[in-house]
Amino acid sequence: MSTIQSPLDAGHARAHFAFYDQASEDALSPVYLDSAATSHRPRVVTDAVLCGMTTRNANIHRASYRLAQAATEAFEGARATIGRFIGAPAQEVVFTKNATEALNLLARCLPGADASWRLGAGKSVLLTEMEHASNVIPWQMAASSVGAQVRFLPLTADGLLDLARLPELLDHTTQVVAITHASNMVGTFNDLSPIIERAREVGAVVVVDASQSVPHRTVDVGSLGADFMVFTGHKMCGPTGIGVLWGRGDLLAALPPFLGGGDMFDDLTSEGMLAAAPPRRFEAGTPPLAEALGLAAAADFLTRVGLANLHAHDQLLCAHAMERLHADPRIRILGPTDPAQRGSVVAFTVDGVDPGALARLLDDRGIAVRAGQHCAQLACRRLNVSSSVRLSTYLYNTVDEIDHLVNTIATTLKETT
């Protein structure tokens, strides 16, 4: 057993997750190291989802009977909970299907909302080479439809953003800057302050993809300084099928609706409709009540765990994984060498070994890791890798699991070489 101490008791955390009930006395607990893709859910979350599907089951904002009123109050209470979780007023929290939908909403609606944001010939959007495809493709689609340019802030060889290129790429043609807070592939946690400061100088709108940061550390939108932020529920112990778009109130009010349908308007005539105020104008149709209750329960759960404790736990596991992996000269770790510059993700390659084949061999031994390009094709090209193995940790993972992974890799390589 490891003597490395964490401020978070992973064993105590596991007691909240039905996933870990699978372990028997004569079997290892499942080693799940893919939380950057999707996390497990504690019982308080699944209980909240069940409540939304049973005892609180009614269509919100649409009826005056008591059950519907209770459902509406629960839904709006969930919105307020998420607002507190990120330091925002409830009316600035928009529920979406996931972060991908939130980014598509912004890419579709921002260019037509205000003349100062309008894309067109001679205008540009700035992204980075470490973005997930969900923060690349929507902006490429929006730009290509109007003849605007998409630029990319490049990566350095060690997986950091090349900020020396910032003045050149972020200029007075830039309307939107869309950037990840923490990379899902190279693992880098970005200090966004110089990018946001430069964006302010040229009048660009800043969109932050916080899908890999909000689940792991405190993110307060007031101190972040961005205009919009998106994240998703299923990476933070919440359900699938729900995400969040946060936006500054004045900017949300300037955006046109994304989808048309029930409850996103205040008046409807044969000539047209009057859109409701945010956030309702962006939530057309029957809302995801059960998922919203589950997401709020997840936020409360993480708050009780303590995001500072969770971040320290991530840092400990990341540092230990990098130390153990780096000891093998055949293994190349992608991204920053300093664990303090990283989130909870470590991607690596092994000389002469196909990442997919290695992941399958690990799976045969009860270890779940991700292999592939991780929807980060631009970063793969910059770092000259076709794919990689990725481990990603969360509050329920342990140092012993990291050791088991690394030892199993060593054993596997001996058996196959």
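The figures here come from the full heavy-atom set of this structure, side chains too, leaving out hydrogens, waters and symmetry mates.
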Test salt bridge (Lys or Arg N to Asp or Glu O under 4.0 Å) applied to R41 - qualifying residues, sequence neighbours left out: none
Under 3.5 Å: donor-acceptor pair, side chain of D300, backbone of A297: no
Please report, to 0.1 Å, the donor-acceptor pairs under 3.5 Å made by any side chain of residues 248-263, with sequence neighbours excluded.
{"from": "R248", "atom 1": "NH1", "to": "D227", "atom 2": "OD1", "distance (Å)": "2.5"}
{"from": "R248", "atom 1": "NH2", "to": "D250", "atom 2": "OD2", "distance (Å)": "3.1"}
{"from": "D263", "atom 1": "OD1", "to": "R280", "atom 2": "NH2", "distance (Å)": "3.4"}
{"from": "D263", "atom 1": "OD2", "to": "H61", "atom 2": "ND1", "distance (Å)": "3.1"}

Stepwise side chain to side chain donor-acceptor pair (under 3.5 Å) check, N397 with H313: CA-CA 9 Å; N397 292 121; H313 184 70; over 6 Å; no
Counterpart residues, side chain to side chain contact (heavy atoms under 4.5 Å, CB included), relative to T286 (two or more places apart): N59
Under the side chain to side chain contact (heavy atoms under 4.5 Å, CB included) test, residues paired with F265 that sit two or more places apart: L268, M273
Under 3.5 Å donor-acceptor, S6 side chain and L8 backbone: yes
Salt bridge (charged side-chain N to carboxylate O under 4.0 Å, His left out) contacts touching residues 151-161 (sequence neighbours left out): R151-D171
For E168, all residues meeting salt bridge (Lys or Arg N to Asp or Glu O under 4.0 Å), sequence neighbours excluded: R165
Salt-bridge criterion met for R79 and E76 (N-O under 4.0 Å): yes
F19-H40 aromatic ring centre distance below 6.0 Å: yes
Pairing residues for R217 by the salt bridge (Lys or Arg N to Asp or Glu O under 4.0 Å) criterion, not counting sequence neighbours: none
Whether E129 side chain and T156 backbone form a donor-acceptor pair below 3.5 Å: no
Test salt bridge (Lys or Arg N to Asp or Glu O under 4.0 Å) applied to D162 - qualifying residues, sequence neighbours left out: none
Derivation and outcome, side chain to side chain contact (heavy atoms under 4.5 Å, CB included), residues H326 and M322: CA-CA 6 Å; H326 185 70; M322 292 178 66; 5.7 Å; no
L192 backbone acceptor or donor facing H181 side chain under 3.5 Å: no
Where D220 and G87 come nearest, the two heavy atoms and their spacing: OD2-CA, 3.5 Å
R330 (side chain) donor-acceptor with G352 (main chain) under 3.5 angstrom: no
Set of side chain to side chain contact (heavy atoms under 4.5 Å, CB included) partners for L307, sequence neighbours left out: F85, T218, L302, L310
Chi angles and distances behind the side chain to side chain donor-acceptor pair (under 3.5 Å) call for H132, T180: CA-CA 8 Å; H132 189 283; T180 186; over 6 Å; no
Show me, pair by pair, the donor-acceptor contacts under 3.5 angstrom made by side chains of residues 230-241, not counting sequence neighbours?
{"from": "H234", "atom 1": "ND1", "to": "A37", "atom 2": "O", "distance (Å)": "3.3"}
{"from": "H234", "atom 1": "ND1", "to": "T38", "atom 2": "OG1", "distance (Å)": "3.0"}
{"from": "K235", "atom 1": "NZ", "to": "A36", "atom 2": "O", "distance (Å)": "2.7"}
{"from": "K235", "atom 1": "NZ", "to": "A37", "atom 2": "O", "distance (Å)": "3.0"}

Any residue meeting side-chain hydrogen bond (donor to acceptor under 3.5 Å, both in side chains) with S344, in chain and number order, not counting sequence neighbours: H216
Set of side chain to side chain contact (heavy atoms under 4.5 Å, CB included) partners for A357, sequence neighbours left out: D354, R360
Derivation of the side chain to side chain donor-acceptor pair (under 3.5 Å) call for Y396 and S35: CA-CA 10 Å; Y396 34 64; S35 291; 2.6 Å; yes
Steps toward salt bridge (Lys or Arg N to Asp or Glu O under 4.0 Å) verdict (R200, E197): CA-CA 5 Å; R200 292 285 171 263; E197 181 179 352; over 6 Å; no
